[in-house]
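In what follows, residues are counted from 1 in the order of the sequence shown. Quick caveat: nothing in here was measured; it's all calculated off a predicted structure.
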Amino acid sequence: MLFNIPVLLSTATFIASGKCSSHTIAVPSSPKNNSPVVPNDLQSMSIEFAYFPDYAGNKSHPNKFSKNLLQNLKSITGIAPKVRVGGTSQDHATYFPDQEDNVQLIYENPTDDQPIQINYGPTFFESYHTLGQIKFLHGLNMAQNKSTEQLELEAMEACTSIGPQLYLYELGNEFNFAPGTYRSTNYSLLDYSEEWNTKSAIVKSAVQKACPGSFPGFMAPSLVLLDFIANTTWTAEDLYNLGYDEHNLTKELCFHNYMGVNAAPLPPAQFDLQRTLMNHTSIVHNLGLQIKRSENLAYLGLPYTLGELNSIANQGRNGETNVFGDALWLVDFSLWAAAHGIKRLQFHQGLNYRYASWQPIESNGIPPTTRPPYYGQIMVANAIGQSKNTRIVNIPLSEETESAYAIYNGDRLSKLVVTNLRAFNQTTSDRPSREYKFHVPAQHKSARIERLTGPGSDALANITFGGISYDYALKEGKPVQQYSNEKTRIRNGLLTIEVPDSSAVLLTL
């Protein structure tokens, strides 16, 4: 993900202080009839195409750390996360069937986040067989326009090499940025529709020759920030009115989402963390536009996913997206999205990216590390669990620095989540707390308490969920119990819980 365009960003008002909840909050005994079922693989991944071998390794040197972190999520939900291999670099990637190296990366500047050219060969696909029984969404280069043979080659190699673990293809990444970059400045939405239709048909034909049987299909259209680009006329609704996907090859709708873009002038990182990420109002506003689009496109009958997303675009920002506050954002964002019918969230990863959930290998002096956002994903996975009928309902609270959710197994209340988003700096003493009182159905007598906690919203390490650490240094990402969990009594239907600033809690009833 890389933006070099002017954007309009919306921000929520910064709240400097908050009060404890003094009233009892009623929790619905059952969800609304139209509450959507939440898929168990809601928490999934997107990995930058250029860095996939770093994350996965190869047959002789598999990346056990990445495999462990993905397996943790599968152990919690019963289903492995899906992994999309794509991003900006997929449209800079060229497949060479005679290349011995798995990947060659060419940078314009050595310190750039992404290469300007990726050459990859057959051994690149070894990386698809190192992470366990993962289903992959494989990115194809749509920007290359010299011949269709190259597109056919890479699509056929993907189907033969990835085999039954190939879930879907993705043809092109964020092509609403194509005018003036990959294509002429007057490249239109209609041009894109016609080009995608032509090339997707070519891919299907080539794949069916190489891999007889049913064609996997695509996730599409993989457009991004349609709502915040100041000078665009492209809309998803218009795209589908122009005859996009005329052969009905799309299996899942896919859009990309970021809370904002790193662009000058930048406010202090901690200020923006509270204003943009640790802010329920900001999350609701940001996702509201995706939710509305999903409603507008519901007539297509396709699952609506965020096939690439993360907190702040352009790979994030130190002090804002690599700290514990980002994990709290991820929890609130994920649960709000799930409650409103978004079926999968594929959080984007890349080597040395400032918003990554983990650093897979040593690079630029940074060792393999489990980063704070991963703990947010672990908490959300625990909230969803292994039920095939999980439903999530938001419980409105009074301030934008807090949120709460009721989680149901079918019609039965099973869990509560509370996030206290007030920023707390780890160097500050006397950490404040908020007390919450929830009125729950009378049959519930006790609750297990699992906390998402760290030294402060600015913390990089010493983070746990449910007393468990997933740090690389302890057991290469496998769970290690550090602290015991708590329980609390529910008296006469009243559940009382204290939540320190910059922390969250999962209550299992």
Side-chain angles (χ1 to χ4, degrees), residues 49 82 84-97 120 125 128 135-179 181-184 186-224 234-256 297 299-305 307-308:
F49 193 97
K82 290 185 172 65
R84 173 243 192 180
V85 180
T88 302
S89 58
Q90 84 183 58
D91 279 325
H92 296 273
T94 303
Y95 176 67
F96 292 97
Y120 68 107
F125 291 93
Y128 286 90
K135 293 290 188 179
F136 292 98
L137 302 96
H138 177 75
L140 300 172
N141 182 346
M142 181 163 159
Q144 191 279 129
N145 214 21
K146 295 177 182 178
S147 70
T148 60
E149 182 181 3
Q150 180 64 41
L151 180 60
E152 291 172 317
L153 276 174
E154 59 180 290
M156 290 189 293
E157 184 63 35
C159 80
T160 56
S161 295
I162 303 173
Q165 289 179 255
L166 177 61
Y167 179 65
L168 293 174
Y169 286 101
E170 179 186 42
L171 179 57
N173 173 78
E174 298 173 0
F175 237 65
N176 51 316
F177 289 163
T181 54
Y182 304 133
R183 301 291 181 264
S184 64
N186 63 350
Y187 183 81
S188 68
L189 194 63
L190 178 60
D191 293 329
Y192 167 64
S193 176
E194 292 176 345
E195 181 177 352
W196 193 93
N197 286 344
T198 299
K199 289 185 173 179
S200 61
I202 289 170
V203 169
K204 180 184 178 184
S205 177
V207 168
Q208 288 184 322
K209 289 178 183 177
C211 305
S214 60
F215 177 67
F218 294 94
M219 69 168 187
S222 301
L223 306 182
V224 67
W234 287 34
T235 72
E237 293 81 358
D238 287 342
L239 175 63
Y240 283 93
N241 290 333
L242 292 172
Y244 182 75
D245 190 22
E246 61 184 355
H247 302 298
N248 297 316
L249 300 180
T250 299
K251 303 301 182 187
E252 293 183 352
L253 291 173
C254 164
F255 293 88
H256 297 180
L297 299 177
Y299 71 92
L300 295 170
L302 299 172
Y304 191 99
T305 73
E308 177 187 313

Minimum heavy-atom separation for Leu151 to Asn141, with atom names? CD1-O, 3.8 Å
Over all atoms of both residues, closest heavy-atom pair of Val207 and Pro216: CG1-CD, 4.5 Å
Within the distance-only criterion (no hydrogens, no angle test), does the side chain of Glu237 pair as donor or acceptor with the backbone N or O of Leu297 below 3.5 angstrom? no
Working note: Asp191 + Arg183, criterion side-chain contact (heavy atoms from CB on, under 4.5 Å); need CA distance, chi angles, decisive distance, verdict. CA-CA 10 Å; Asp191 293 329; Arg183 301 291 181 264; over 6 Å; no
Check: Met219 and Leu168 side chains under 4.5 Å, non-hydrogen atoms: yes
Closest heavy-atom contact between Tyr299 and Tyr240? OH-CB, 3.6 Å
Whether Thr198 side chain and Glu194 backbone form a donor-acceptor pair below 3.5 Å: yes
Does the ring centre of Phe177 sit less than 6.0 Å away from the ring centre of Tyr182? no
For Asp245, the side chain to side chain contact (heavy atoms under 4.5 Å, CB included) test, sequence neighbours excluded, returns Trp196, Leu249, Thr250
Walk me through whether Glu154 and Gln90 qualify under side-chain contact (heavy atoms from CB on, under 4.5 Å). CA-CA 11 Å; Glu154 59 180 290; Gln90 84 183 58; over 6 Å; no
Note: Ser147 and Gln150 closest approach over all heavy atoms is OG-N, 3.8 Å
Centroid-to-centroid, Phe218 to His247, below 6.0 Å? no
Please name the pair of heavy atoms, one in Leu189 and one in Thr235, separated by the smallest distance, quoted to 0.1 Å. CD2-O, 3.7 Å
Any chance the side chains of Tyr128 and Gln165 put a donor and an acceptor closer than 3.5 Å? no
Residue pairs meeting side chain to side chain donor-acceptor pair (under 3.5 Å), one or both in residues 199-212, sequence neighbours left out, come to Asn145-Lys199, Glu195-Lys199
Worked check of side-chain contact (heavy atoms from CB on, under 4.5 Å) between Arg84 and Asn173: CA-CA 12 Å; Arg84 173 243 192 180; Asn173 173 78; 2.8 Å; yes
On a heavy-atom basis, the closest approach of Leu239 and Tyr244 is O-CB, 3.3 Å
Just checking Phe49 against Tyr120, ring centres under 6.0 Å apart? yes
Okay, side chain of Thr305, backbone of Leu253: is any donor-acceptor separation there less than 3.5 Å? yes
